[in-house]
J.: 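Sharing a structure, written as structure tokens. Questions coming.
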Amino acid sequence: RAILAGDLNLDMDTESIKILEKKFKNLIKEYGIKTTRSDLYPRKAEMPLADYCFVTPDININSFEIPISDISDHLPLILEFE
């Protein structure tokens, strides 16, 4: 069982993300998240994703959310699991 989450600074279509998706569920993709950047990030339109959350298939997810908050240029990732 594993959870991998954080600031990877990668686009969704990179080879690195594809490699991770071979072993992990990509919650950003599964939940249809469009951005992990707040409005404080000046290049949000060019690079809307930087942060990711990956889990192995045996992790039971109760909820996953990314609330809008202008505290940082990155939005928080909140995962509730069993």
Side-chain angles (χ1 to χ4, degrees):
R1 292 183 151 173
I3 297 171
L4 172 65
D7 177 3
L8 302 181
N9 279 323
L10 296 170
D11 287 326
M12 184 73 78
D13 296 330
T14 62
E15 188 63 27
S16 297
I17 295 295
K18 291 175 186 172
I19 290 169
L20 287 168
E21 289 176 337
K22 289 179 182 177
K23 301 264 183 189
F24 294 89
K25 293 193 297 184
N26 179 347
L27 298 187
I28 298 299
K29 185 183 276 184
E30 283 195 19
Y31 282 75
I33 304 298
K34 302 293 184 216
T35 186
T36 60
R37 297 288 199 172
S38 77
D39 289 338
L40 297 176
Y41 186 63
R43 293 179 28 217
K44 181 178 175 180
E46 299 166 39
M47 189 174 179
L49 297 170
D51 306 280
Y52 290 85
C53 187
F54 295 92
V55 299
T56 52
D58 56 352
I59 301 287
N60 292 322
I61 300 166
N62 293 332
S63 67
F64 178 65
E65 61 182 299
I66 301 181
I68 303 302
S69 173
D70 286 336
I71 296 172
S72 167
D73 62 333
H74 295 263
L75 297 175
L77 308 178
I78 301 174
L79 173 64
E80 185 179 323
F81 62 96
E82 295 177 24

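Keep in mind that this is a model prediction, so the values were computed, not measured.
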J.: What's the separation between atom SG in Cys53 and atom CD1 in Ile61, rounded to the nearest 0.5 Å?
T.: 7.0 Å
J.: Once rounded to the nearest 0.5 Å, what's the spacing between atom CD of Glu82 and atom CG of Asp58?
T.: 12.5 Å
J.: Would a 4.5 Å heavy-atom cut-off, applied to side chains only, mark Asp51 and Leu75 as touching?
T.: no
J.: Go through the side-chain N and O atoms of Asn62 and Asn60 and say whether any donor and acceptor fall under 3.5 Å apart.
T.: no
J.: Are Met12 and Phe24 linked, directly or through other ILVMFWY residues, by side chains that come within less than 4.5 angstrom of each other?
T.: yes
J.: Write down the atom of Ile28, the atom of Asn26, and the distance for their closest heavy-atom approach.
T.: N-OD1, 3.1 Å
J.: Roughly how far, to the nearest 0.5 Å, is the OH atom of Tyr52 from the CG atom of Leu4?
T.: 12.0 Å
J.: Return each pair, listed once, that meets salt bridge (charged side-chain N to carboxylate O under 4.0 Å, His left out) where at least one residue sits in residues 8-17; pairs must be two or more places apart or across chains.
T.: none
J.: Rounded to the nearest 0.5 Å, what separation is found between the CG atom of Asn9 and the OG atom of Ser16?
T.: 12.0 Å
J.: Are Ile3 and Ile78 connected in a single hydrophobic cluster, I mean Ile/Leu/Val/Met/Phe/Trp/Tyr linked by side-chain heavy atoms less than 4.5 Å apart?
T.: no
J.: Look at the side-chain heavy atoms of Ile, Leu, Val, Met, Phe, Trp and Tyr, link any pair under 4.5 Å apart, and say whether Leu79 and Ile33 land in one connected group.
T.: yes
J.: Between OG1 of Thr56 and NZ of Lys23, what distance do you get to the nearest 0.5 Å?
T.: 11.0 Å
J.: For residues Glu21 and Phe54, report the shortest heavy-atom separation together with the two atoms involved.
T.: CG-CE2, 4.2 Å
J.: Do other residues, nucleotides or ligands put more than 12 heavy atoms under 6.0 Å from the CD1 atom of Ile19?
T.: yes
J.: Indicate yes or no: at least one non-hydrogen side-chain atom of Val55 is less than 4.5 angstrom from one of Leu27.
T.: yes
J.: Tell me whether Ile71 is reachable from Leu77 by hopping between hydrophobic residues (I, L, V, M, F, W, Y) whose side-chain heavy atoms are closer than 4.5 Å.
T.: no
J.: Calculate, to the nearest 0.5 Å, the distance between atoms CD1 and OG1 belonging to Ile68 and Thr35 respectively.
T.: 7.5 Å
J.: Tell me whether Leu8 shares a hydrophobic cluster with Phe64, the cluster being built from Ile, Leu, Val, Met, Phe, Trp, Tyr side chains joined at under 4.5 Å.
T.: yes
J.: Write down the atom of Asp70, the atom of Ser38, and the distance for their closest heavy-atom approach.
T.: OD1-CB, 3.4 Å
J.: State, to 0.1 Å, how close Lys34 and Pro48 come at their nearest heavy-atom pair, and which atoms those are.
T.: O-CB, 3.5 Å
